[in-house]
Amino acid sequence: MAESGRAAVFTGVRQPFEIREFAVPEPKPADMVVRVSRTNICGTDLHLWRGDTDIAKMGVTYGIILGHEMCGVVHKLGAKVRSDSLGQTLREGDRVVFTYYFPCGRCMACLKGCPHMCMTSLTCPVRPCDMAPHFTGGFADFYYVKRGQAVFKVPDTLESELVAGANCALSQVLFGLQQVHLAFGETVVVQGAGGLGLYACAVAKEMGAHKVIVVDGIKARLELAKRFGADDVIDISEVDDPRARVGMVQSMTDGWGADVVVEVVGKPEVCNEGIRMLARGGRYLELGNINPKHTYKADPSLLVGYNRSIVGVSLYPPLTLKQAVDFLVRTRDKYPYDELLSHAWPLESIDQAFNESDAFGGCGSVVRASIVPHAVENREVAK
Ligand SMILES: [Zn+2]
Ligand SMILES: [Zn+2]
C-alpha cells in the first residue's frame, strides 16, 4: 500500500483544522520530500487563521495547509538531487532547513537580483492540498520541497528545535537589520519582545550594536529580552505615556535617540512612537505590519526634518537562511533560544495550539508555539 501522511487543512477563518490523509508523492527528479520535524506557528499563520489577511486577495482558496517556519528530515530525494545548496552531499535521513517561498527567476525583481521582491512568488501554498503534491505547508507529516527552494543541511551541533525558527523569524530580522545598514556602535530600539523581537536583540548585538533597548508590556518577555542581549528595557505597563517612553529612549542614548528602531509589534499604532524615538538619520525598520488597510496618521515632517527614513522589508534572499543557520551555530550557547519556543503540540492538537497562541500570543507566555508531528524524532538532540 502506498505510504500516506496527515495534514492539518485550513478550512476557514477560525474554523477547526481538518486532519486529512494524503498519499506521500514521489518527488520529481529535482525535488524532494521532507518529513516535518517541527513547524512553528508564526504571526502570519495567526493572521490568516484569524482572517486579518484576506486569503482571497492572495489568489488562493481555503483547503490549503498553513505553516512555513519549519525544518525536517529528508524522506525521499528526487533522482537528480545529490546535494544541498552548498554542495554538501544529501542523503535520506539528513536534517534540512529550506526557504519557504518560490522566486520565479524571470520577473523584473528577480532579474534585478532581488528574489525576496519577486512579483509572482507566493509565501503561502497556492495549491489546495487535494491537488498533488498535497504537502505544500508545514502543518503536516510531510512537506514537498520544489526545485528552486534553497536547501541547507543542518549542522550536527544544532537541534531541530532551534533551527525551525531560522527560515522565517530569524532570517527576517537578520536581513531587515542588514537592509537598514545597522553599523557597529549604533543604538537600536526593538518595539515588541515576541519571537522576532528576541531574535532582533541577539542579531543587533552580534552586529555590533552599542545598545539595544526593548519596549514591551509583559515583564516575562522583557526579562527574556535581557537574556537575548537587551541592555535596557522599557515596560509599557509601567510607563503608559508614549511621550515618556520617547523621552526614556532619549536619555538612554545620551540625548541622541536610536539609530535604528525595529517594529515587530504588528500594530500601526506604535509607528509614530517608534519614529519619534529615532535619532537624526535614524532608520525605522518596518517588519511587523503586514496587514493591508491597518493605518496610522503620519506626519511626514518627522522624517524630513530629521533625515529619518522608513524601510519596509519582506522576505529575504535565500543566502540569508544560511547566514541564520550559521548564526545559530555560532551563538547557540550564548542566548537561550530554547526558551523562545515555549509550547509544542502534536499535529492532532493544532486547534488548541492556534487557540492558545491567539489568546496568549499578544499578552501572555506563549512566545512561539510549535507543531511537532513526529514527537520522538524531535526530541532527538543532535550530537
Ligand atoms: Zn513567518
Ligand atoms: Zn520573480
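Order of listing sets the numbers, starting from 1, for every ligand and every atom in it.
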Taking everything shown except Lys76 itself, do over 12 heavy atoms lie less than 6.0 Å from its NZ?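 Check passes, neighbour count above 12.
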Would you say Arg14 has more than 12 foreign heavy atoms packed within less than 6.0 Å of its CZ?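 Counting neighbours around CZ of Arg14, more than 12 heavy atoms of other residues, nucleotides or ligands fall under 6.0 Å, so yes.
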So, using side chain to side chain contact (heavy atoms under 4.5 Å, CB included) as the criterion, who are the partners of Met252 when residues are at least two apart?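 Met252 satisfies side chain to side chain contact (heavy atoms under 4.5 Å, CB included) with Lys211, Ile213, Asp232, Ile234, Met248 once adjacent residues are dropped.
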All salt bridge (Lys or Arg N to Asp or Glu O under 4.0 Å) counterparts of Arg106, not counting sequence neighbours: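 So Arg106 forms no salt bridge (Lys or Arg N to Asp or Glu O under 4.0 Å) with any residue.
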Residue pairs passing the ring-ring contact (aromatic ring centres under 6.0 Å, His included) test where at least one lies in residues 236-270, sequence neighbours excluded: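 Non-adjacent pairs meeting ring-ring contact (aromatic ring centres under 6.0 Å, His included): zero.
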Can you check the angle at the Zn ion (ligand 2) formed by SG of Cys118 and SG of Cys110? Round it to the nearest 10°.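 Vertex at the Zn ion (ligand 2): approximately 110°.
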Can Ser160 and Arg38 be counted as having a side-chain donor-acceptor contact under 3.5 angstrom?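 There is no such pair between these side chains.
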Around the Zn ion (ligand 1), list the protein N/O/S atoms within a radius below 2.8 Å, excluding water molecules.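 Within the sphere that stays under 2.8 Å of the Zn ion (ligand 1), the protein atoms of type N, O or S are Cys42 SG, His68 NE2, Cys168 SG.
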